[in-house]
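Presented below is the structure to which this report refers.
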Amino acid sequence: MTPTPGQSNRPVRPRLRTRTVSIAAALTAFTVFAAREVGFDPSTFWEVWSNPLWEKFWPIPWDWVFDSGNVLQPFVETFQIATISTILGCGLALPVSFAMSSLTAPNRPTYLVSRAVMNVVRAVPDLFWAKLMVTAIGIGAFAGSWALTIFSLAVMVKLFSETVDGADPGPLEAARAAGGRHAPALRTGILPTVFPDYVAHSLYVFELNVRASVVLGLVGAGGIGRVLEAQRQFFRFDRVLGMLVIIFVVVWIIEQVSVSLRKRLI
Amino acid sequence: MTATTRRPAAPRGARERRWTVALVIVVAMVWSVSGLNVTLDRLLGAPGDAWAILRQMVPPAFARVHERGAVGKVFESVYIAWIGTVIGALLSLPLAFLAAHNVAPVWIRVPIRQLFNAIRAVPELILAVILIPITGLGPWAGTLAIGIHSIGTLGKWATESIESIDSGPIEAVESTGGRWVSNMRWAVFPQVMSTISSYWLFRFEINVRASAVLGMIGAGGVGSELVSHLVFRDFPAASAVLVLTVGVVLTIDTISAAVRRRIITGSVGKSEPSRSAEALSDLTGIKQR
């Protein structure tokens, strides 16, 4: 087809639909309303620099930060919380995930109940669990590890049950056809194919747990956050900043190691 | 050939490796438990204590928390999450174009990637801790903390989706002599925008939970309600706040998941019942067979 002379060959721009316009208007209106509700104040962005408080952030007292009793010991505690809750949470997640996948659930009620319960557990934010546990069993790292165990279980079952959903059902059918009972059939038919993913997800959950356990102390559940909170209340922001640098470096290293391990696994 | 059936031999070293892994896990457990000053009676008492509190939580005292304005607080959390997401989305989008290796030169890409990594390494709560002395207590501190933190993750996700685009349209724009900006606008933007906007919604879901938590240190939202009830050991009220939060979180997750699915898969070829079935499975977590 030759273009008609005097007429542009551009395709016509689609007309805006009423629905598109009204959705955009509604979203804008909601955004403006929400911004007013939260006290949106762009002046913070430039007034922030003239704040006298910044002087308190500098210089970083490195000798205080590197003194083993101040930061190192709470930091080790943070790792202990993250480690034990990863092991417990991911260990528990293995059977629960199998119950939560329609491929491997032993029966319909188990499937329904485990899915519904885990969905609700996951909807509660991690620090809410921490605060609940602190109230229930007392301040300290013990409460923190309980909270993070629940949290890692909730995250892990979500990730891993989806892997199990996507697993090849062939070996499982073979194991069942050969007369295997439920647990052995899962052990030989599904577990070997999904196990690398299980380890990879566990590493990811460990990463999440390290990040989460850093802030647990802000609600009294142990770890480095306890020191952060204490120094914040004394307005020692230089110390807070020093700790943040350490946390940043360690979290970064863990992430790099975990990412490279996960790449090798999958 | 012999008549006996023989199992295939296990791979060499598998047994040793298994024992090593088990040993490492046990040592890690012992090491971690040693630092938590757990005594046996605390360990045995914990489930009982948790159960005692759980029993006091039923029935939730909805009427009392409603009088104190807990519903408004829950919505304040939603507003904080929304504005935080908007701030994060608007700031991260241009940065992501400068961080993707197929469209940005190396001298700008590396610092921006490091910026994303640095932001992601600092949790929202810590950002809020730093921001509260500057902005004062209240929702604006939480909003800024969430906004800044969202830049990190949203920027990373957007960068990844820009990097995975088809390079054909870019070459087409280049061959017509388009500048970098028009290249981004006409070759990259249309390809990535559906994915990126669904990431924004996903981040909004995460931010609703995060903003609920931020209230616990006074940065606005429902967290402060939960803390004050728990401090006074008013468990029926605390559980009412929890139920409200969980309800709002699940509702938002469900709506947002439905919208995300609509953005990614489009409206073609989906009947009305299957859409509501999908929404139901988002809400309950139960997939239809």
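We name chains A, B, ... by the order of the sequence lines, and we start the count at 1 in each one.
Interatomic distance, CG of D253(B) versus CZ of R122(A), reported as 8.0 Å (0.5 Å rounding). In this structure, the separation between CZ on R120(B) and CH2 on W252(A) is 11.5 Å, given to the nearest 0.5 Å. In this structure, CG in L244(A) is found 5.0 Å from CD1 in I130(B), a value given to the nearest 0.5 Å.
Looking only at heavy-atom pairs under 4.5 Å with chain A, the residue among S32(B), A238(B), A28(B) that has the most is S32(B). By number of non-hydrogen pairs under 4.5 angstrom with chain A, the leading residue of A118(B), A210(B), G220(B) is A118(B). Comparing I126(B), I25(B), V86(B) by heavy-atom pairs within less than 4.5 Å of chain A, the highest count is held by I126(B). Among the candidates L226(B), V208(B), I217(B), the residue making the largest number of heavy-atom pairs closer than 4.5 Å to chain A is L226(B).
In this structure, chain A has a heavy atom under 4.5 Å from the side chain of M216(B), while its backbone stays farther away. Looking at T135(A), both its backbone and its side chain come within 4.5 Å of chain B, counting heavy atoms on both sides. With a threshold of 4.5 angstrom between heavy atoms, L230(B) approaches chain A through its backbone and through its side chain. Proximity to chain A (any heavy atom under 4.5 Å) is restricted, for I87(B), to the side chain, taken from C-beta onward.
Side-chain atoms of V219(A) and V213(B), non-hydrogen and from C-beta on, never get closer than 4.5 Å to each other. Side-chain contact between T83(A) and M29(B): absent, with no pair of heavy atoms (C-beta onward) separated by less than 4.5 Å.
Side-chain N or O atoms of Q80(A) include one that pairs as donor or acceptor with a backbone N or O of W31(B) at under 3.5 Å. Although no hydrogens or angles enter the test, the distance criterion places no donor-acceptor pair under 3.5 Å between the side chain of R211(A) and the main chain of V122(B).
Against chain A, the residues from residues 140-149 of chain B that qualify, each with a non-hydrogen atom under 4.5 angstrom away, are W140(B), T143(B), L144(B) in number order. Close approach to chain A, defined as a heavy atom under 4.5 Å from one of its heavy atoms, is seen in L242(B), T245(B), V246(B) of residues 239-247 of chain B, taken by number.
When every heavy atom of R19(A) is checked against every heavy atom of R262(B), the shortest pair comes out as NH2-NH2, 3.7 Å. Contact between F142(A) and A46(B) at its shortest, heavy atoms only, is CE2-CB, 3.9 Å.
Under the ring pair (Phe, Tyr, Trp, His ring centres under 6.0 Å) criterion, F204(B) pairs with W82(B), not counting sequence neighbours. Partners of Q256(A) by side-chain hydrogen bond (donor to acceptor under 3.5 Å, both in side chains), not counting sequence neighbours: none found.
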